[in-house]
Amino acid sequence: MADYLPHTPAEIDEMLAFLGMDSLDQLFAHIPPAVRLSQGLDLPEGMSEPDVAALFTRYTSANQSKASEMTCFAGAGVYDHEVPAVVKMLAGRSEFVTAYTPYQPEVAQGVLQAIFEYQTLITRLSGLPIPNASLYDAATGLVEALNMAHGATTRQKMVISAGVHPHWREVAKTFARGTGHEIVEVALKDGVTDWGSVDASNAAAIVASYPNYLGVLEDMSGAKALAVANDALFVLGADPVAAGVLKTAGQWGADIFVGEGQPFGTPLAFGGPFLGLFACTSEQTRRLPGRIVGETLDSNGRRSFVTTLRAREQDIRREKATSNVCTNQTLMAVTAAIQLGWLGTQGLREVATRCAQGAHYLFDELVKIEGVRAVSTQPFFREFAVRIGHDASTVLLTMANDGVLGGVSVAALTGDPDPSLDGEVDEVLLVTVTERRTKEEIDRYVEVLRKAIGQ
Amino acid sequence: MADYLPHTPAEIDEMLAFLGMDSLDQLFAHIPPAVRLSQGLDLPEGMSEPDVAALFTRYTSANQSKASEMTCFAGAGVYDHEVPAVVKMLAGRSEFVTAYTPYQPEVAQGVLQAIFEYQTLITRLSGLPIPNASLYDAATGLVEALNMAHGATTRQKMVISAGVHPHWREVAKTFARGTGHEIVEVALKDGVTDWGSVDASNAAAIVASYPNYLGVLEDMSGAKALAVANDALFVLGADPVAAGVLKTAGQWGADIFVGEGQPFGTPLAFGGPFLGLFACTSEQTRRLPGRIVGETLDSNGRRSFVTTLRAREQDIRREKATSNVCTNQTLMAVTAAIQLGWLGTQGLREVATRCAQGAHYLFDELVKIEGVRAVSTQPFFREFAVRIGHDASTVLLTMANDGVLGGVSVAALTGDPDPSLDGEVDEVLLVTVTERRTKEEIDRYVEVLRKAIGQ
Amino acid sequence: MTSRALSGGRAASAPLLGHETEPTIFEMSVPGRSAYQLRTTNVPATALAELIPAAHLNGDVLDIAEVSERDLVAHFTRLSHRQFSVDLGMYPLGSCTMKYNPKFCDAVANDPGLNSVHPASPAELTQGWLELLVTLEETLCAVTGMAAATLQPAAGAAGELTGLLLMRAYHSANGDPRRRILIPDSAHGTNPASVTLGGYEVTTIPSNDRGLVDLEKLKASLGPDVAGIMLTNPNTLGLFEEEITEIAAAVHEVGGLLYYDGANLNAILGVVRPGDMGFDIVHMNLHKTFATPHGGGGPGAGPVAVSQRLVDFLPGPKATRVEDGTHAWVKPSRSIGRVHGWHGNAMVLARALAYIDVHGGDGLTRVAKYAVLNANWLRHRLRATLPAAYDRVCMHECVLTATPLKNAYGVRGLDVAKALLEEGFHSPTVYFPLIVEEALMFEPTETESLQTLEALAEAIERIAQRAIDDPDGLHRAPQTTPVSRVDEARAARHLIPTEDAASR
Amino acid sequence: MTSRALSGGRAASAPLLGHETEPTIFEMSVPGRSAYQLRTTNVPATALAELIPAAHLNGDVLDIAEVSERDLVAHFTRLSHRQFSVDLGMYPLGSCTMKYNPKFCDAVANDPGLNSVHPASPAELTQGWLELLVTLEETLCAVTGMAAATLQPAAGAAGELTGLLLMRAYHSANGDPRRRILIPDSAHGTNPASVTLGGYEVTTIPSNDRGLVDLEKLKASLGPDVAGIMLTNPNTLGLFEEEITEIAAAVHEVGGLLYYDGANLNAILGVVRPGDMGFDIVHMNLHKTFATPHGGGGPGAGPVAVSQRLVDFLPGPKATRVEDGTHAWVKPSRSIGRVHGWHGNAMVLARALAYIDVHGGDGLTRVAKYAVLNANWLRHRLRATLPAAYDRVCMHECVLTATPLKNAYGVRGLDVAKALLEEGFHSPTVYFPLIVEEALMFEPTETESLQTLEALAEAIERIAQRAIDDPDGLHRAPQTTPVSRVDEARAARHLIPTEDAASR
Ligand SMILES: Cc1ncc(COP(=O)(O)O)c(C=O)c1O
Ligand SMILES: Cc1ncc(COP(=O)(O)O)c(C=O)c1O
């Protein structure tokens with residue numbers, strides 16, 4: 001019998017006898033018969049591990065766009081960065097993988113210290129002093145930021161740039177059904193948020209993205225000024241890899257930073273588990289969502305770490321809590337700490353620089369192609385949007401036949417025509433270049449795209 | 001610069017200054033200039049890990065017979081058994097992988113206890129009480145067994161069945177160049193050692209294989225009787241998986257057991273690192289080659305483990321040592337202990353049974369094919385030899401085109417025409433079925449072979 | 001030279017060798033050292049200043065730790081030696097279901113065929129993933145007795161909030177938004193927190209003297225403004241709500257919906273299904289019930305399954321089987337929208353499906369039965385030492401109380417929990433649920449053997465004896481752990497969440 | 001119930017939690033329990049008795065441990081916590097070269113494209129492997145300055161014996177078999193043991209007062225019956241044999257060959273090559289020089305490279321590049337035959353090639369230089385505490401002596417070594433080479449940082465202070481380790497090599 005249960009028949013009998021019972025069913029005798037399953041679950045019989053592995057090849061072989069086989073130029077918030085064997089090995093150590101939330105600090109210094117190091121790194125990447133121990137992903141992190149802004153201002157209006165990732169905006173809207181926040185979107189113009197077009201009075205938060213989801217590096221001073229002018233918090237969703245060379249959220253004056261930590265050691269993973277990065281100014285400490293690890297001493301005076309400010313958390317504050325997060329993404333946070341340790345100061349800078357170099361090299365080549373046009377004239381980092389004069393989704397499938405995942409169709413990403421883009425959104429392709437892409441791969445991209453659009 | 005060296009330029013300067021030197025070269029100044037390399041090594045510049053990984057795909061893609069892609073019916077001492085994720089994970093824990101020989105038992109109880117458990121398992125599988133902590137592989141294990149037999153008898157004549165794996169015999173012959181042992185081979189007849197044909201007087205050892213390399217299960221009573229009659233030691237090379245259902249070396253009366261431990265958790269690995277299993281009677285304890293772990297107490301009276309009988313070993317006995325083994329195959333021994341723990345009593349029996357069932361099922365189907373004939377009428381376990389009426393090497397390549405690694409050509413294995421086989425050795429194919437082969441795969445084998453030999 | 005010696009390869013912090021603290025990676029950092037290696041790309045190395053306007057550049061202010069790969073490995077390996085985990089020993093943490101996490105499921109998830117797929121790849125190129133998700137959804141529905149599910153929520157709490165938004169959408173669609181959600185006083189804190197974030201008010205229902213929802217008081221709290229009730233069954237006391245049919249009828253009667261907090265679903269797999277009990281919405285914690293590893297606090301996955309009337313409101317887009325046998329992303333007609341940036345914690349979902357496939361319907365049922373058997377055996381075994389708060393047949397966990405020890409010797413539940421660490425066991429959940437004094441909530445799980453349970457019981461007996469012999473020693477426990485009892489109050493009083501705050 | 005409680009999930013044996021012993025897997029075993037899972041094959045399940053005659057069947061006598069997967073994992077994870085390793089800290093074990101083992105090289109070896117290839121597959125189907133082996137052979141020749149190499153020997157000692165058999169074959173082919181091999185008194189024990197197994201006699205050459213081969217005495221020992229000499233250079237004292245050219249000339253003069261024990265090759269990478277020093281045969285310990293992990297005692301790999309005149313004698317078959325650019329197995333014309341069951345420890349070979357490729361010629365040279373720098377810094381730093389046996393510039397390791405501590409306080413080298421364990425360092429090699437009293441042989445390796453070296457030095461200084469303050473305490477060290485000082489004599493007196501012997 002293929003399972004993980006240690007019980008031998010003799011032991012089951014012995015245990016039942018100890019309980020004065022003669023069958024396992026007796027343990028469930030107090031469950032009303034009316035609701036009990038009579039036939040057992042309508043599921044197949046158990047299979048051995050190798051049989052299940054064989055079954056799973058059905059799934060793996062039907063996934064054609066694996067980055068292990070197709071050169072990945074897709075991004076949209078999820079990036080194909082280098083993850084070395086050493087990081088996988090360390091993050092995969094079973095003490096990290098099979099631990100629970102560090103409720104007993106005396107036997108959880110491993111995870112606690114790793115989170116402490118993660119928190120330190122997040123504050124450095126964000127330029128904001130108060131981190132948490134992770135959130136589910138950037139999108140739900142944004143929701144927490146809005147809730148924090150609401151808590152700080154008691155206001156309900158959330159002014160959000162349309163440059164914020166469409167999925168993040170969608171998630172914010174979903175959760176606003178519960179909190180009652182009013183979400184006001186600000187359209188883009190030439191790829192840049194048109195802050196002037198919005199009434200931000202009485203706003204709890206001004207929310208921007210850096211770069212924005214089309215890859216554009218907007219000057220954040222405008223957003224900051226708007227926040228200040230309206231006594232709103234400035235929430236900045238920022239790319240943490242960009243922080244290797246670009247201004248941090250703190251440098252732009254943000255009150256709250258949210259970001260997606262996937263680029264730090266987490267694979268593409270079909271979208272999860274990822275890592276919601278979060279940091280804020282010290283004014284907001286008591287409103288921090290999720291767990292936070294702090295330094296303290298043990299009874300013998302040794303430096304120790306512990307989850308702290310627990311009074312904010314849902315299990316203690318219950319209906320008065322401002323966040324319900326319990327399980328978070330610790331393992332990804334630990335992974336990010338390890339990956340950042342591997343990169344180090346030079347490495348992160350190097351990765352960021354190479355992203356920018358690769359993206360610009362490809363951009364320059366692409367816009368030489370007849371019929372390919374930039375969506376924006378603004379600066380960008382490792383991602384940019386181009387109009388390709390053809391249906392982007394169709395072109396992507398054609399390119400896939402040549403082993404290239406050519407990017408992300410903006411129409412597919414946004415679901416509905418994006419109000420921020422004028423003209424045919426179906427023609428807009430979002431293209432990413434990470435430090436992993438070689439010149440040869442980029443040149444081939446150009447060739448494959450040319451072929452796909454008949455140029 | 002891509003390497004693993006921590007030294008920063010400032011530190012190098014500081015360290016040199018501490019030594020009163022001003023260049024690294026000064027450290028080597030005492031080496032006669034005449035022998036020093038002036039130009040550095042004639043090797044390419046260092047490459048980053050991902051570049052090397054890309055380079056290695058050159059090798060991996062040129063290996064067509066990977067068991068991950070081609071159904072493996074090859075054996076000849078190396079078997080495609082199930083290795084579950086859990087065993088890989090545990091055996092891959094870096095405390096086991098990156099430890100040295102357990103010279104300091106106080107911080108090496110992990111490896112020492114794992115070896116102690118391995119040793120226990122080997123004695124159970126072999127039916128002989130004195131194990132060692134592993135040897136390089138079965139072939140070199142056989143050499144150690146001959147040396148032990150020489151030590152015990154002071155004789156030089158080694159009577160070896162031609163049923164012993166051809167490579168093991170070759171290795172024994174190579175090392176006999178140093179020890180001066182006289183190797184006498186005994187031919188097979190209908191796949192069975194013709195012990196009657198040999199003069200075993202004055203033999204140090206009678207050496208047999210169970211099953212023999214053609215898969216045949218010989219009755220070992222004859223070999224044992226011959227050893228007893230001539231006061232020789234009976235050395236039995238036995239398949240440790242077969243011990244799940246078949247008689248152990250001890251049950252057959254062997255004085256020394258050698259075996260290949262690869263089937264216990266080690267992948268095919270292109271032939272290594274494998275695991276030389278070794279056990280003997282207690283009479284031979286002081287002649288045991290290699291390391292042995294024994295139980296003892298620590299200074300606080302707690303059960304502990306330590307490498308023991310060190311006085312036998314080369315580092316202490318030097319030129320009087322009977323074995324020069326130092327580094328052995330500990331990690332594979334630990335892996336075997338883990339894999340056997342995973343299999344357990346039932347699992348090993350089940351694996352052995354399934355091997356026999358699969359092999360017999362395939363055998364029965366194969367001999368139905370016109371032109372395919374059994375090499376021997378004797379019983380077998382999971383491997384058997386058949387004549388296929390065509391050049392086996394050619395047939396194997398043809399079968400490979402259909403995704404089947406159809407076995408091992410006996411002619412290729414033996415290198416030279418095997419004296420034990422009458423008729424065309426080129427036509428003999430050695431076929432293995434492990435517990436991993438499904439009926440569907442076996443049926444397909446039959447079909448593919450039929451096609452390859454035009455039946 | 002002291003700060004210099006700090007950094008580097010000394011392993012005295014590994015409990016194997018000593019009990020010193022491990023330096024942080026920042027203390028180990030040396031300027032100019034590095035570990036990273038990147039591929040050669042041959043992309044033109046144009047100066048950044050030529051690519052990006054100066055206003056955007058940070059002027060190289062960013063400081064990350066600088067260590068060699070060797071020290072990186074040593075540091076995190078040593079940290080791992082300072083961390084308890086399921087793989088080291090029993091973790092009877094009630095409500096958290098710390099069962100064995102099969103390594104096979106990890107291996108499945110590490111396959112690049114799943115792991116290296118970009119979530120924004122066209123559906124045509126990710127048919128394997130879509131089919132996997134659809135299969136998992138169907139499987140979870142079979143387990144819970146529901147009609148459809150969303151796999152997006154990243155953990156149980158996210159599932160709760162999703163469920164509440166579904167309730168809200170449902171009632172709103174009926175033109176009757178409603179205001180209140182009922183929650184028993186034994187509920188986990190995420191439940192009321194989620195209710196608030198869902199825009200509802202909490203009405204707390206007291207438990208009766210059997211540890212169950214007081215049906216009469218529940219009925220008294222019901223009214224047309226009640227949107228629904230959140231229950232976990234078995235509840236957080238490990239007790240089955242025997243009057244569940246009556247509860248369901250009463251809530252449905254006033255037009256409310258029933259939400260099932262699936263944290264304890266492992267107790268009833270194959271025995272009874274939330275759908276059959278009358279629940280309308282169910283979240284599952286895959287990291288509990290289906291043994292995906294907790295990762296030191298996450299990732300989890302909290303799919304939400306619903307009855308037919310809520311299907312159209314589910315978050316989307318959802319992987320869906322379409323007529324021609326292929327799979328596509330489809331947004332339910334009245335979807336509340338996305339609750340996750342992408343498709344949920346996909347790798348956790350894959351692990352859970354692998355776990356379910358290995359067990360099958362029969363195995364999952366055994367999981368529940370043996371989990372319940374273990375909990376009852378432990379409860380009964382410890383009767384004389386730590387009595388159960390409600391001493392009758394429990395489900396997969398039992399809440400014991402240290403009140404007798406406290407009254408007699410001044411030894412609190414926390415002392416028992418801490419002393420257990422020295423005995424080689426993780427502590428149980430302490431002081432939860434709130435309605436039990438000195439609560440110690442033990443969930444042995446089905447993967448622990450009788451021998452392990454016995455060892456735990458004997459350890460607790462030893463601690464009980466220590467309570468008599470040396471109560472003060474117990475207040476100071478643990479001492480053999482990497483750090484001794486930690487000053488939690490100090491940490492909260494003066495927050496030091498980062499190395500930079502520490503060194504300030 | 002005690003034996004019952006022994007088995008199972010108690011983790012008190014993990015130093016993280018306590019210092020109890022870990023039960024053996026046999027003590028944890030419960031009849032009927034199991035962990036294995038096999039595929040469904042649908043092969044007819046014919047009874048074994050129908051397939052194999054009864055005379056061969058063992059009657060189900062075999063007893064293996066019976067544990068659940070959960071307990072298997074816990075057991076071996078806990079054992080791993082009782083084990084020091086490079087990944088935990090510095091391992092300055094002289095002669096063993098315990099440098100950092102890059103995880104990348106492990107990943108390379110775990111690729112099924114290498115790892116799942118059957119060694120008896122036709123060469124046509126394994127061209128990748130053959131090319132890899134040829135490339136490695138060429139690379140090793142470039143590093144050593146030799147003409148060709150065999151990759152078959154599974155470790156250094158196997159390489160030594162192979163080398164001696166090559167000498168024998170060479171001399172025999174010249175009709176002049178010869179009898180003796182010269183070995184310096186500082187040599188590792190494998191050298192003389194190999195000589196004996198190679199059918200030669202050992203003549204020991206004393207070292208001079210500089211720790212080097214005494215050239216005059218060497219010359220005096222030479223004669224026409226000398227087959228050759230085995231040297232390691234730098235020798236086991238970490239000192240370079242400066243008269244190597246003279247030694248080579250003298251040995252060659254009498255028709256002898258020079259064998260290079262490559263255990264210390266890491267000291268001279270890119271600086272000087274054995275071939276250029278006049279050696280004819282060189283073994284390499286890939287698990288030392290090229291950082292393949294030692295695995296708790298193995299696997300290793302001990303390729304042997306030779307000069308032109310020995311090429312035809314190499315073991316075979318050898319992977320060989322053939323004219324058409326493909327690769328084939330070719331047996332050298334006068335091959336001594338196989339020295340390994342297959343092609344050597346292939347996965348170790350692959351790891352070593354990956355390591356070499358990452359470093360390149362430049363990186364390998366840095367490896368040697370920094371290894372030598374580290375050893376000299378440490379030697380110099382410890383001058384006042386543990387003097388070097390020969391206090392001058394050393395190569396990659398230095399042999400220090402505890403004689404002053406012994407004379408002054410009765411503290412032996414072993415005590416220092418054991419006390420270091422408590423300080424978070426592995427011990428150095430003790431009492432080797434035999435010619436140095438109270439030898440402590442430190443090999444820091446190039447992957448350890450200056451900070452780590454300083455930490456080691458400070459730890460040794462603390463121990464030296466303890467030698468003054470509390471010498472008795474040092475005799476009892478270590479105490480904080482999983483077990484305290486182990487009784488080695490007891491183990492040898494009454495051999496208990498198995499659980500079955502233990503329980504008898
Ligand atoms: C009863 C109960 N409900 C809800 C939750 C929250 O689930 P999650 O941690 O997955 O967010 C928990 C988690 O401990 C729980 O025990
Ligand atoms: C100088 C020397 N020679 C030879 C050897 C033997 O090498 P191996 O252990 O690889 O067999 C060693 C190993 O420690 C050594 O240090």
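Lettering follows sequence order; numbering is per chain, from 1.
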Is it the side chain or the backbone of [X] that comes within 4.5 Å of chain D heavy atoms, both, or neither?
X: B:W168; answer: neither
X: B:R317; answer: neither
X: B:L340; answer: both
X: B:L348; answer: side chain
X: B:I316; answer: neither
X: B:P84; answer: neither
X: B:A108; answer: both
X: B:I442; answer: side chain
X: B:T140; answer: side chain
X: B:A412; answer: neither
X: B:F96; answer: both
X: B:L343; answer: both
X: B:E106; answer: both
X: B:F28; answer: side chain

Top contributor to chain B interface from [options] [non-hydrogen pairs under 4.5 Å]:
options: D:E446, D:H81, D:E131; value: D:E131
options: D:E488, D:E242, D:Q127, D:R168; value: D:E242
options: D:L165, D:N101, D:T40; value: D:L165
options: D:I244, D:T126, D:I356; value: D:T126
options: D:V393, D:I336, D:V372, D:D276; value: D:I336
options: D:H56, D:E69, D:R476; value: D:H56

Check: [Y] and [X] side chains under 4.5 Å, non-hydrogen atoms:
X: D:D63; Y: B:R124; value: yes
X: B:R354; Y: D:L38; value: yes
X: B:L246; Y: D:N58; value: no
X: B:Y59; Y: D:D111; value: no
X: D:E499; Y: B:E117; value: no
X: D:V195; Y: B:E319; value: no
X: D:V272; Y: B:L37; value: no
X: D:R39; Y: B:T438; value: yes

*What pairs with B:R93 under side-chain hydrogen bond (donor to acceptor under 3.5 Å, both in side chains), at least two apart in sequence or on another chain?*
A:S94, A:E95, B:E95, D:S80

*asked:* Between B:Y136 and D:H340, does the ring-ring contact (aromatic ring centres under 6.0 Å, His included) criterion hold? Intermediate values first, please.
replied: CA-CA 8 Å; B:Y136 305 136; D:H340 185 268; 7.9 Å; no

_Derivation and outcome, side chain to side chain contact (heavy atoms under 4.5 Å, CB included), residues B:F18 and D:N376_ = CA-CA 10 Å; B:F18 181 66; D:N376 278 288; over 6 Å; no

Minimum heavy-atom separation for [X] to [Y], with atom names?
X: B:A269; Y: D:M347; value: CB-CG, 3.6 Å
X: B:Y4; Y: D:T447; value: O-CG2, 3.6 Å
X: B:A356; Y: D:L48; value: CB-CD1, 3.8 Å
X: D:G297; Y: B:T330; value: CA-OG1, 3.4 Å
X: B:T345; Y: D:L62; value: CG2-O, 3.3 Å
X: D:H380; Y: B:L19; value: CB-CD2, 3.6 Å

*Test D:L114 against B:F56 for side chain to side chain contact (heavy atoms under 4.5 Å, CB included), laying out the working first.*
CA-CA 10 Å; D:L114 296 177; B:F56 265 64; 4.2 Å; yes

*Pair D:E66 + B:R349: basic N to acidic O under 4.0 Å*: no

Check the orientation of [X] and [Y]. Use parallel for under 30°, tilted for 30 to 60°, and perpendicular for over 60°.
X: B:H7; Y: D:Y370; result: tilted
X: D:H343; Y: B:F270; result: tilted
X: D:F240; Y: B:H30; result: perpendicular

_Using heavy-atom distances under 4.5 Å, tell me whether D:A107 contacts chain B through its side chain, its backbone, both, or neither._
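Contact with chain B involves no heavy atom of D:A107 at all.
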
For the candidates [options], which exhibits the highest count of non-hydrogen atom pairs separated by less than 4.5 Å from chain D?
options: B:R437, B:E435, B:H360, B:Q119; value: B:H360
options: B:E313, B:E350, B:E82; value: B:E350
options: B:L41, B:T174, B:N63; value: B:N63

*Does a side chain donor of either B:T296 or D:D487 reach within less than 3.5 Å of an acceptor in the other side chain?*
no

*Going by atom types alone, do D:S484 and B:N300 pair a side-chain donor with an acceptor below 3.5 Å?*
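Indeed, the side chains of D:S484 and B:N300 share at least one donor-acceptor pair under 3.5 Å.
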
Checking the side chain of [X] only, and the main-chain atoms of [Y] only, is there a donor and an acceptor separated by less than 3.5 Å?
X: B:D137; Y: D:G341; value: yes
X: B:K439; Y: D:P44; value: no
X: B:T98; Y: D:D87; value: yes

*Please lay out, stage by stage, how B:D80 and D:H118 fare under the test side chain to side chain contact (heavy atoms under 4.5 Å, CB included).*
CA-CA 8 Å; B:D80 181 31; D:H118 194 287; over 6 Å; no

*asked:* Run D:L450 and B:E14 through side chain to side chain contact (heavy atoms under 4.5 Å, CB included) and show every step you take.
replied: CA-CA 10 Å; D:L450 176 57; B:E14 182 189 333; 4.0 Å; yes

